[in-house]
Amino acid sequence: MSARPVHDYLTSARRPGVSADGGYVVLPRAVIEQMPLPVQQQLAHVLHQVHQIAASAPWPIYRVQSCRWARLNELDEAGLQEAGIIAELDLDGVLVHRNLNSGVTLSDSDLEQQVLVTQDDPLMPVRQQQPPAPVR
């Protein structure tokens, strides 16, 4: 039996809901509320324990955004901008891609790299995808 079962499970294979950096696990509420009642009860118990044990931790508010991996050369203008890239014509009329922060021109091989871009969450009902209105 492992001394780090959660770590072992989350790193043994690519798991849905694990953040790109491996630091977070996201459980879509719409999915877990459709699980069988015994599973929901077990999960509620585990979450209660986590919240009790870590109650004094300085919990931030988390913002979760559904994303997908995409190659830079597959993105439209909005996707490129989200990734921090701009496509423009140079003085010779050639299309070039530049990093918005550094101004560095990207090579064709740079455009093969994959980046995370936002997408609508296919697991959530459409009505729940809108961010809540700010509290006044």
Side-chain angles (χ1 to χ4, degrees):
M1 194 162 257
S2 172
R4 302 182 333 163
V6 172
H7 174 271
D8 293 348
Y9 177 77
L10 294 175
T11 58
S12 65
R14 188 175 181 112
R15 305 280 182 194
V18 177
S19 63
D21 67 359
Y24 295 89
V25 177
V26 177
L27 301 173
R29 186 173 178 167
V31 171
I32 60 177
E33 287 182 350
Q34 293 177 24
M35 300 298 290
L37 184 58
V39 174
Q40 288 187 51
Q41 291 168 332
Q42 291 171 0
L43 182 57
H45 178 72
V46 168
L47 290 173
H48 177 73
Q49 288 180 310
V50 168
H51 292 138
Q52 275 191 319
I53 291 168
S56 63
W59 286 81
I61 305 274
Y62 292 97
R63 178 177 29 203
V64 176
Q65 179 67 54
S66 58
C67 300
R68 65 181 173 86
W69 288 107
R71 284 191 170 79
L72 286 171
N73 59 10
E74 297 171 348
L75 296 176
D76 61 12
E77 187 176 350
L80 285 169
Q81 187 172 11
E82 180 181 344
I85 307 297
I86 188 168
E88 60 188 2
L89 296 176
D90 69 6
L91 295 175
D92 298 324
V94 176
L95 182 66
V96 295
H97 294 82
R98 296 187 199 283
N99 182 301
L100 283 170
N101 293 323
S102 67
V104 172
T105 300
L106 303 179
S107 68
D108 288 343
S109 63
D110 291 334
L111 294 173
E112 290 291 325
Q113 70 180 315
Q114 291 195 344
V115 295
L116 284 173
V117 291
T118 59
Q119 70 170 21
D120 286 339
D121 188 339
L123 301 176
M124 295 293 288
V126 174
R127 70 181 188 287
Q128 292 181 4
Q129 290 186 25
Q130 302 302 319
V135 178
R136 296 179 192 213

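When all heavy atoms of Tyr9 and Arg15 are compared, the closest pair comes out as O-NE, 3.0 Å. Between Arg68 and Ala70, the closest heavy-atom pair is NH1-CB, 3.2 Å. Closest heavy-atom contact between Asp121 and Leu123: OD1-N, 2.8 Å. In terms of heavy-atom proximity, Asp120 sits nearest to Pro122 at O-CD, 3.1 Å. Of all heavy-atom pairs spanning Ser19 and Asp21, the tightest one is OG-OD1, 2.6 Å. The minimum heavy-atom distance linking Leu116 with Cys67 is given by the pair CD2-CB, 4.0 Å.
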Under the side chain to side chain contact (heavy atoms under 4.5 Å, CB included) criterion, do Leu95 and Leu89 qualify, and how do the steps go? CA-CA 4 Å; Leu95 182 66; Leu89 296 176; 4.2 Å; yes
Begin from the C-alpha positions of Gln40 and Ile32 and carry the test side chain to side chain contact (heavy atoms under 4.5 Å, CB included) through to its verdict. CA-CA 7 Å; Gln40 288 187 51; Ile32 60 177; 5.8 Å; no
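Environment of CD in Glu74: crowded, with over 12 heavy atoms of neighbouring residues, nucleotides or ligands closer than 6.0 Å.
Atom CD1 of Ile53 sits about 9.5 Å away from atom NE2 of His48, to the nearest 0.5 Å. Atom CD in Glu77 sits 7.5 Å away from atom CD1 in Ile86 (nearest 0.5 Å). Summarising the geometry, atom CD belonging to Gln42 is positioned 9.5 Å from atom NE2 belonging to His45; distances are rounded to the nearest 0.5 Å. One distance of note links CD of Gln119 with CH2 of Trp69; it measures 12.5 Å at 0.5 Å rounding. The distance from the CG atom of Asn73 to the CD atom of Gln114 is 9.5 Å, given to the nearest 0.5 Å.
Asp108 is not listed as a side-chain neighbour of Glu112, based on a closest heavy-atom distance of 4.5 Å or more. In this structure, Leu43 and Met35 have side chains that are not in contact, with every pair of non-hydrogen atoms separated by 4.5 Å or more.
Other residues sharing the hydrophobic cluster of Val115, ordered by chain and number and joined by side-chain separations under 4.5 Å: Leu72, Leu75, Leu80, Ile85, Leu106, Leu111, Val117.
Judged by distance alone, the side chain of Asp92 and the main-chain N or O of Val94 form no donor-acceptor pair under 3.5 Å. Checked by atom type and distance alone, the side chain of Gln113 never pairs as donor or acceptor with a backbone atom of Ser109 at under 3.5 Å.
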